[in-house]
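Notes for the one structure printed next.
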2 protein chains.
Amino acid sequence: MLSQATMSQPHGAVRRFATVPSQPVSLNSLFGGQPVETFEPGTAVFWEGDEARHVFEVVEGALRIFRILSDGRRVITGFLYPGDLLGVSLKDQYLYTAEAITRTKLRRYEHGRFQEEINRSPELRPQLFACLCDEMAAAQDQMVLLARKSAEERVASFLLLIARRLGGDERQPVIEIPMTRLDMADYLGLTIETVSRTMTRLTNCGVIAPSSRHAMVVRKLGKLAMLAGEADAGDKDALGGRSIQQAVWPN
Amino acid sequence: MLSQATMSQPHGAVRRFATVPSQPVSLNSLFGGQPVETFEPGTAVFWEGDEARHVFEVVEGALRIFRILSDGRRVITGFLYPGDLLGVSLKDQYLYTAEAITRTKLRRYEHGRFQEEINRSPELRPQLFACLCDEMAAAQDQMVLLARKSAEERVASFLLLIARRLGGDERQPVIEIPMTRLDMADYLGLTIETVSRTMTRLTNCGVIAPSSRHAMVVRKLGKLAMLAGEADAGDKDALGGRSIQQAVWPN
DNA sequence: CGTCGCTTTGATTTACCTCAACCTTGGTGG
DNA sequence: CCACCAAGGTTGAGGTAAATCAAAGCGACG
């Protein structure tokens with residue numbers, strides 16, 4: 001819904017679409033001429049295993065990217081927002097399904113031509129490379145979350161990610177959560193019940209204050225960061241910087 | 001980076017160092033002229049947060065790639081073997097620590113020059129791109145494993161990955177496992193005890209037969225694949241192919 | 001106003017973790 | 001050559017976080 005972009009997320013691409021100055025060639029500007037296509041909530045843009053014919057740019061809305069195990073277990077490997085690119089990872093088949101969460105608008109670019117453009121432009125290449133690296137970094141964060149974090153830390157990490165993404169630097173950001181509890185659960189490797197209980201607990205602690213089912217105010221951003229287990233911890237607002245290695249830490 | 005890439009499905013590119021034909025320019029051939037450096041078991045090649053000055057090629061041995069949470073929890077995000085590249089992922093800081101598991105030999109390339117070479121060569125570029133994509137695919141497999149698989153499925157998946165990697169197509173591959181149980185546990189998001197118990201169970205079922213602490217024979221590859229929960233399931237030998245889209249599929 | 005999908009809350013179960021003891025292996029030195 | 005030791009690995013008993021099972025609350029929409 002909101003049109004801000006940038007959050008290194010699996011499959012995402014970063015890049016701010018809205019505020020492109022026009023002259024400089026950016027990845028997103030590539031899509032400028034393409035017609036906008038609309039996808040209703042719950043509809044798939046493509047399926048895992050489909051031949052990978054296009055690259056997409058998210059113009060508006062939100063999508064989930066997921067894979068499904070043979071017995072139905074679903075794993076959401078990422079969410080996409082305006083400005084993100086979709087389907088860049090090549091191979092000749094898509095390796096995940098992409099589905100619209102809200103009503104979503106996309107621009108499409110033929111895969112081969114996309115590759116050509118990238119190849120041709122020495123400006124675009126490093127941008128794409130940087131995108132992939134952000135994506136890789138996000139994937140690693142997610143592996144850390146899934147491998148070693150508790151339910152509370154997972155939910156807190158998720159909310160924090162969203163808050164930083166579209167809450168900007170505000171101390172008590174209002175955040176929109178377009179996805180359902182089931183989406184969150186499948187992203188965080190939990191069940192809906194556990195997600196729900198954890199959110200309730202966060203509410204009772206005064207860390208968050210829900211305004212509707214899909215929106216809330218983060219009242220204690222610093223506390224949320226602490227709960228997320230990311231070692232930045234400062235009580236007020238965290239500096240986005242990835243702070244590393246402090247083996248021992250009070251607080 | 002290119003860390004866990006190799007572990008998944010050899011997409012061909014950049015893999016195996018040994019079988020490079022010599023004339024054609026390959027990513028690995030770039031490192032040809034560089035001197036070989038040796039790292040003793042347990043020593044770090046670089047630390048998370050270090051300024052990313054070099055890209056490395058693994059010539060011999062095995063490494064672990066990991067991150068550590070503030071309270072000491074460790075997550076191994078990948079293992080590297082001969083032919084793999086390390087540190088490709090840019091940013092200006094390494095975002096994980098790389099440590100030798102066995103005595104390891106590496107070749108080093110200065111980061112900036114590596115970038116230049118890549119930029120210059122229209123042959124190398126797609127190779128690097130393919131590498132990153134393999135890596136991304138592997139990261140996603142790992143997310144699926146961590147988010148939704150049981151302990152048994154995790155261990156089975158891990159053994160299967162190794163078996164396919166260095167066991168070739170044999171039906172009862174002999175596999176070497178250079179890492180300790182703790183490494184496996186931190187890679188699979190489990191504890192050593194659970195890994196140990198699970199391996200014992202697999203042994204009792206006749207699926208594997210340990211020959212030493214760090215080597216074993218996989219006696220029932222098909223069964224292992226089934227236990228790994230990867231939907232290939234066939235009772236005999238699985239076709240390495242990634243089977244996809246089972247949304248609706250009798251199997 | 002009733003129905004349907006999503007969410008919350010509660011009671012119970014369970015897979016995995018934790019704690020603790022013991023066993024194996026490989027290296028070292030007497 | 002064997003006794004000893006330390007590090008890594010296995011096995012067992014018990015605890016717990018999260019899953020599962022079950023029931024109700026809450027909106028939105030026809």
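Computation of the quantities below employed the complete heavy-atom set of this structure, encompassing side-chain atoms and omitting hydrogens, waters and symmetry-equivalent molecules.
Between B:Ile208 atom CD1 and D:dT10 atom P the separation is 10 Å, expressed in whole Å. The CE atom of A:Met199 sits 16 Å away from the P atom of C:dC6 (whole-angstrom rounding). Counting to the nearest Å, the P atom of C:dC16 and the CZ atom of B:Arg73 are 19 Å from each other. When the C1' atom of C:dC17 is taken as reference, atom CZ of B:Arg154 falls 13 Å away, rounded to whole Å. Between B:Arg148 atom CZ and D:dA19 atom C1' the separation is 10 Å, expressed in whole Å. When rounded to the nearest whole Å, the span between CD of B:Glu193 and P of C:dC19 equals 10 Å. Between A:Leu182 atom CG and C:dG5 atom P there is a gap of 14 Å when expressed in whole angstrom units. Rounded to a whole Å, the CG atom of A:Asp186 is 12 Å from the P atom of C:dT7.
When heavy atoms are screened at a 4.0 angstrom cut-off, B:Ser212 is found touching no nucleic acid atom at all. A:Thr191 comes within contact range of at least one nucleobase, with a heavy-atom separation under 4.0 Å. Residue contacts shown for A:Ile192 are absent, as no nucleic acid heavy atom lies under 4.0 Å away.
When all heavy atoms of B:Leu69 and A:Gly229 are compared, the closest pair comes out as CD2-O, 4.1 Å. Shown here for B:Glu48 and B:Thr97, the closest heavy-atom pair between the two residues is N-OG1, 3.0 Å.
Look at A:Arg213 and you won't find any side-chain N or O under 4.0 angstrom from OP1 or OP2 of C:dC6. At D:dT11, none of the side-chain N or O atoms of B:Ser196 fall inside 4.0 Å of OP1 or OP2 (strictly under the cut-off). Between D:dA19 and A:Thr194, a contact under 4.0 Å exists linking OP1 or OP2 to a side-chain N or O.
Comparing C:dC16, C:dT9, D:dA18 against the side chain of A:Ala151 picks out D:dA18 as the nearest.
Centroid-to-centroid, the aromatic rings of A:Tyr96 and A:Phe66 stay 6.0 Å apart or farther.
Remark: the A:Arg181 side chain and the C:dG5 base include no donor-acceptor N/O pair separated by less than 3.5 Å. Remark: the B:Arg201 side chain and the D:dT11 base include no donor-acceptor N/O pair separated by less than 3.5 Å.
A salt bridge between A:Glu170 and A:Arg164 is absent, with no side-chain N of the basic residue lying under 4.0 Å from a carboxylate O of the acidic one.
Using modelled atom types, one finds no donor on one side chain facing an acceptor on the other under 3.5 Å when comparing B:Thr200 with B:Thr203.
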